[in-house]
**Q** 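Questions regarding the structure given below will be posed in turn.
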Amino acid sequence: MSDANVRIPADARDRLAEIAAEEGLSLRSYLARLADTLLTPAERAERAEKARAVLRKWNGYDPDEHEQAELDAELDRRMTEAGAV
C-alpha cells in the first residue's frame, strides 16, 4: 500500500498522535484503523435501508419521508437537550 500526505492543522495532528500513542499505535496505524471503522455516506445509507427493511418485515414499521424528518428532528432535539444537562 502506498502512502499519501494529508495536510491538517498541527494541533489536530498532535491531538491525533496523542490519542494514537495512548492506544500504543503510530499515527499512521491509528489513521488506517480509523479509516477501516468509519462508514462512507453510501455505506451508511445502505445500512439504514437494510435496517428499515428488517423493521418493515418484523413489525410493519415503515415511516414516509415526512415522518422520518419529524423523527430525526425529535432525536436532534432530545440529543441537544441531553447535552445541555
Side-chain angles (χ1 to χ4, degrees):
M1 173 187 340
S2 62
D3 288 341
N5 291 321
V6 177
R7 295 179 60 85
I8 62 171
D11 58 334
R13 179 208 53 218
D14 295 344
R15 180 174 169 76
L16 290 170
E18 181 180 346
I19 294 167
E22 288 175 8
E23 295 188 27
L25 297 170
S26 67
L27 180 54
R28 181 182 188 276
S29 296
Y30 178 77
L31 291 174
R33 186 181 75 180
L34 181 63
D36 286 341
T37 62
L38 298 175
L39 298 175
T40 66
E43 290 167 333
R44 284 194 306 272
E46 179 183 354
R47 194 174 275 192
E49 182 51 42
K50 285 180 182 178
R52 282 190 294 272
V54 168
L55 287 170
R56 272 192 303 274
K57 183 177 179 182
W58 177 57
N59 67 5
Y61 180 74
D62 191 18
D64 61 30
E65 285 186 33
H66 178 71
E67 291 169 320
Q68 186 65 47
E70 288 179 342
L71 292 167
D72 288 345
E74 177 65 12
L75 179 59
D76 289 344
R77 184 191 66 75
R78 289 182 185 211
M79 293 295 289
T80 299
E81 187 178 281
V85 175

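Remember, predicted model here, so these are calculated numbers, not experimental data. As a basis for the values below, the full set of heavy atoms in this structure was taken, side chains included, without hydrogen atoms, waters or symmetry mates.
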**Q** Has Arg77 got more than 12 heavy atoms of other residues, nucleotides or ligands less than 6.0 Å from its CZ?
**A** yes

**Q** To the closest 0.5 Å, what do you measure between CG (Leu25) and OH (Tyr30)?
**A** 9.0 Å

**Q** In residues 46-54, what donor-acceptor pairs under 3.5 Å come from side-chain atoms, sequence neighbours left out?
**A**
from: Glu46; atom 1: OE2; to: Lys50; atom 2: NZ; distance (Å): 3.4
from: Glu49; atom 1: OE1; to: Arg52; atom 2: NE; distance (Å): 3.2
from: Glu49; atom 1: OE1; to: Arg52; atom 2: NH2; distance (Å): 3.1
from: Glu49; atom 1: OE2; to: Arg56; atom 2: NH2; distance (Å): 2.9

**Q** Please tabulate, for side-chain N and O atoms in residues 17-24, each donor-acceptor pair with protein atoms closer than 3.5 Å (sequence neighbours left out).
**A**
from: Glu23; atom 1: OE1; to: Arg33; atom 2: NH1; distance (Å): 3.2
from: Glu23; atom 1: OE1; to: Arg33; atom 2: NH2; distance (Å): 2.2

**Q** The test is side-chain contact (heavy atoms from CB on, under 4.5 Å); show your working for Ile8 and Leu16 and say whether it passes.
**A** CA-CA 11 Å; Ile8 62 171; Leu16 290 170; 4.1 Å; yes

**Q** Which atom names give the shortest non-hydrogen contact between Asp62 and Glu67, and what distance separates them?
**A** O-OE1, 4.2 Å

**Q** If hydrophobic clusters are built from ILVMFWY residues whose side chains come within less than 4.5 Å, do Leu55 and Leu75 share one?
**A** no

**Q** Answer yes if Leu31 and Val6 sit in the same cluster of Ile, Leu, Val, Met, Phe, Trp and Tyr residues linked by side chain heavy atoms under 4.5 Å apart, and no otherwise.
**A** yes

